[in-house]
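First up is the structure itself, then whatever we jot down about it.
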Amino acid sequence: MAILGQIQTVIVCVPGSGDPGTCPVGSVPTVTQAYLVEPTSATSLDLMAAPFDAATAGQFFTFALVSTLFVYLFSFGVGQVIKMIRHS
């Protein structure tokens, strides 16, 4: 699997009281570990996070169902022909 980013130590603002430092009023800075995505990988992740399209999913489902039914019915027909040839 490709490496999309790396773990970095970052400073985030969380709700709390005390010296806000560079944070907005009502929050304080805290240090935490976060997984940061590389800018080159961000576009591929954005494409994967695209909203679910029910119409496209329906088309894939319909194609799979029709393909399965076609193979089943074709095989059934071939079996009937073979059965007819054997018993004649």
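Hydrophobic cluster of Leu65: the remaining members, joined at side-chain heavy-atom separations below 4.5 Å, are Phe61, Leu69, listed by chain and number. Membership of an apolar cluster is not assigned to Val66, as no side-chain contact below 4.5 Å to another ILVMFWY residue is traced. In the hydrophobic clustering, Val81 connects to Ile85, either directly or through intervening members, whenever side-chain heavy atoms lie under 4.5 Å apart. Through direct or indirect side-chain contacts shorter than 4.5 Å among Ile, Leu, Val, Met, Phe, Trp and Tyr, Leu73 is connected to Tyr72.
Here Val25 pairs with nothing under the side-chain contact (heavy atoms from CB on, under 4.5 Å) rule; sequence neighbours left out. Residues forming a side-chain contact (heavy atoms from CB on, under 4.5 Å) with Pro24 (at least two apart in sequence, or on another chain): Cys13, Ser27. Under the side-chain contact (heavy atoms from CB on, under 4.5 Å) criterion, Ala34 pairs with Val10, Leu36, sequence neighbours left out. Here Phe52 pairs with Ala54, Ala57 under the side-chain contact (heavy atoms from CB on, under 4.5 Å) rule; sequence neighbours left out.
Within 6.0 Å of CG on Leu45 lie more than 12 heavy atoms contributed by other residues, nucleotides or ligands.
The side chain to side chain donor-acceptor pair (under 3.5 Å) contacts involving residues 9-22 comprise Thr9-Gln33, where partners must be two or more places apart or lie in separate chains. A side chain to side chain donor-acceptor pair (under 3.5 Å) check over residues 54-66, counting only residues at least two apart or in different chains, returns the pairs Asp53-Thr56. Listed by first and then second residue, the disulfide (SG to SG under 2.5 Å) pairs involving residues 59-88 amount to none (not counting sequence neighbours). Sorted by first then second residue, the disulfide (SG to SG under 2.5 Å) pairs that include residues 42-88, not counting sequence neighbours, number zero.
Annotation: side chain of Met84 is not in contact with side chain of Arg86 (no heavy-atom distance under 4.5 Å).
Hydrophobic cluster membership is shared by Val28 and Val12, with clusters built from Ile, Leu, Val, Met, Phe, Trp and Tyr side chains linked at under 4.5 angstrom.
What you find for Ala64 and Thr68 is that their closest heavy atoms are O-OG1, 2.8 Å. Of all non-hydrogen atoms in Gln6 and Gln8, the two that sit nearest each other are CD-NE2, 3.2 Å. What you find for Thr43 and Thr40 is that their closest heavy atoms are OG1-O, 3.8 Å.
Distance alone, capped at 3.5 Å, places no donor-acceptor pair between the Ser41 side chain and the Val37 backbone.
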